[in-house]
Amino acid sequence: MELWFSEKQTPNLSMSARIKETLYMGESNYQEIAVVDTYEFGRMLVLDGVFQTSLFDEYIYHEMIAHVPLFTHPDPKRVLVIGGGDGGSMREVIRHTSVELAEMVEIDGLVVDVCKKYLPEISAALLTDNPRVNLTIGDGIGHMARAENTYDVIIVDCSDPIGPGEGLFTYNFYKDVYKALKPDGLFVQQTESPFYHQQLLKRLNRDISSLFPITRTYLAHIPLYPGGTHSFTIGSKIYDPLAVDIVKIPSMNTRYYNLELHKNCFSLPNFVQNLLK
Ligand code: SAM
């Protein structure tokens with residue numbers, strides 16, 4: 001008998017992956033957690049029925065959420081990842097040799113433990129005792145409310161705006177992010193699909209640009225996510241990702257991110273430009 005896992009992407013659209021094996025199924029205080037091995041995507045993490053990351057395409061999301069902001073800042077030393085329980089963003093962050101301390105605040109310790117066991121390729125940075133990596137299990141919203149003038153770059157690697165992640169998509173949260181950044185700091189957040197989350201993208205862009213002088217949205221092709229195109233939004237106090245001298249970016253062995261993409265990912269189709277006007 002064939003087994004399929006379906007994610008309901010909108011009330012009228014599902015994406016299904018044929019499953020080889022269910023490796024883990026459990027529930028934390030925050031969400032239902034599953035790891036399934038699939039034919040097309042390999043092993044993947046599912047939270048509350050929503051596909052989060054897969055071995056097939058995780059490099060795209062994690063390289064793009066980490067390297068675009070980190071190469072925009074000329075000397076990122078102190079970096080914070082909010083969420084990111086699978087560890088993929090942290091794996092990319094610590095490849096930047098300028099980073100002295102990379103903190104991660106993830107609300108759900110069980111996500112971290114499950115990913116360490118079943119997705120070690122992604123959670124590699126959390127598997128060793130690296131003095132540059134500091135993981136805290138806690139709420140990223142509370143952490144932001146307490147932090148002040150601390151970080152060069154903040155990466156909000158959150159799940160969807162429902163459940164524990166809802167407050168990470170609000171104006172008050174962005175106000176705290178602004179306060180937590182140093183005077184030349186910048187942040188990035190995954191901002192969902194430009195096809196299926198248009199009102200969200202519009203609202204976030206309005207909120208972020210009302211606080212940050214430089215607000216830029218960029219896109220990446222990610223087969224696992226609704227519509228296959230995913231958006232990210234940067235809010236920056238000083239540095240403009242489009243003004244970066246790409247010649248000065250050191251080469252890094254990446255599978256998706258490259259110097260041309262650093263700028264070209266900000267070239268938006270007209271329907272997205274119109275949305276963000
Ligand atoms: N790449 C993924 C995607 O966009 O589908 C997201 C990856 S990561 C698994 C998202 C993480 O954010 C989850 O592990 C979730 O527990 C965490 N999270 C949600 N709300 C949070 C909060 N308020 N503070 C810290 N972490 C949070």
Side-chain angles (χ1 to χ4, degrees), residues 7-9 15 17 24 26-35 41 43-66 80-93 103-116 118-119 122-123 125-126 135-147 154-170 172-174 176-177 180 187-194 196-197 200-201 204 219-233 256:
E7 176 196 51
K8 203 164 184 194
Q9 297 191 329
M15 179 156 100
Y24 178 85
E27 197 169 348
S28 68
N29 289 337
Y30 300 99
Q31 53 213 341
E32 283 174 9
I33 303 170
V35 178
F41 287 99
R43 274 171 276 136
M44 65 184 196
L45 174 70
V46 187
L47 297 179
D48 281 340
V50 178
F51 299 157
Q52 298 289 313
T53 191
S54 82
L55 289 190
F56 175 67
D57 64 354
E58 59 86 9
Y59 64 95
I60 307 172
Y61 177 90
H62 293 126
E63 288 179 10
M64 290 303 279
I65 202 170
L80 172 70
V81 177
I82 294 183
D86 50 65
S89 294
M90 185 56 90
R91 183 194 64 201
E92 297 304 316
V93 168
E103 293 171 53
M104 176 171 149
V105 180
E106 158 64 55
I107 204 166
D108 195 339
L110 190 57
V111 173
V112 176
D113 292 343
V114 166
C115 291
K116 278 161 112 174
Y118 296 102
L119 298 164
I122 302 177
S123 59
L126 307 176
L135 167 66
T136 302
I137 301 303
D139 189 350
I141 299 167
H143 186 84
M144 274 301 85
R146 289 185 297 274
I154 295 173
I155 295 175
V156 188
D157 179 3
C158 50
S159 26
D160 293 348
I162 40 164
E166 198 174 348
L168 299 170
F169 292 82
T170 62
N172 284 342
F173 174 70
Y174 301 133
D176 287 339
V177 169
F187 92 105
V188 67
Q189 179 167 23
Q190 72 85 5
T191 43
E192 307 280 352
S193 161
Y196 298 117
H197 302 101
L200 179 79
L201 192 51
L204 299 186
L219 303 177
H221 306 289
I222 307 181
L224 186 66
Y225 296 153
T229 300
H230 205 71
S231 76
F232 301 83
T233 300
Y256 188 89

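Both counts, for ligands and for their atoms, begin at 1 and track the order of listing. In what follows, residues are counted from 1 in the order of the sequence shown. No experiment lies behind these values; they were computed from the predicted model shown.
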Short list, please: which atoms of ligand 1 are under 4.0 Å from a heavy atom of G165?
19 (C), 20 (N)
Kindly assign one of parallel, tilted or perpendicular to the pair F41 and F56, based on the angle between their ring planes and the thresholds 30° and 60°.
perpendicular
If the contact criterion is a heavy-atom separation under 4.0 Å, does Y61 count as touching ligand 1?
yes
Check the angle between the aromatic planes of Y61 and Y225 and answer parallel, tilted or perpendicular using the 30° and 60° thresholds.
perpendicular
Taking the minimum heavy-atom distance to atom 24 (N) of ligand 1, which of C158, G140, G83, S28 ranks first?
G140
For ligand 1, indicate whether the residue V50 contacts it via side chain, backbone, both or neither (heavy-atom separation under 4.0 Å).
neither
If we number the atoms of ligand 1 from 1 as shown, the ones under 4.0 Å from a heavy atom of V105 are 25 (C), 26 (N)
Work out whether the distance between some heavy atom of I65 and some atom of ligand 1 is less than 4.0 Å.
no
Region of D160 engaging ligand 1 - heavy atom pairs below 4.0 Å
neither
Taking only non-hydrogen atoms of Q31, do any sit less than 4.0 angstrom from ligand 1?
yes
Ligand 1 atoms nearer than 4.0 angstrom to some heavy atom of D139 are 22 (C), 23 (N), 24 (N)
Have a look at ligand 1 and work out which part of Q190, if any, has a heavy atom under 4.0 Å from it: side chain, backbone, both or neither.
side chain
At a 4.0 Å cut-off, with the gap strictly under it, does some heavy atom of T53 reach an atom of ligand 1?
no
In ligand 1, the atoms that come under 4.0 Å of a heavy atom of Y225 are 1 (N), 2 (C), 3 (C), 4 (O), 5 (O)
In ligand 1, the atoms that come under 4.0 Å of a heavy atom of D108 are 16 (O)
Applying a heavy-atom cut-off of 4.0 Å, say which part of S159 lies close to ligand 1: side chain, backbone, both or neither.
both
Atoms in ligand 1 with a heavy atom of D157 nearer than 4.0 Å
1 (N), 6 (C), 7 (C), 8 (S), 10 (C), 11 (C), 12 (O)
Atom 9 (C) of ligand 1: which of I162, T191, I107, D86 has the nearest heavy atom?
D86
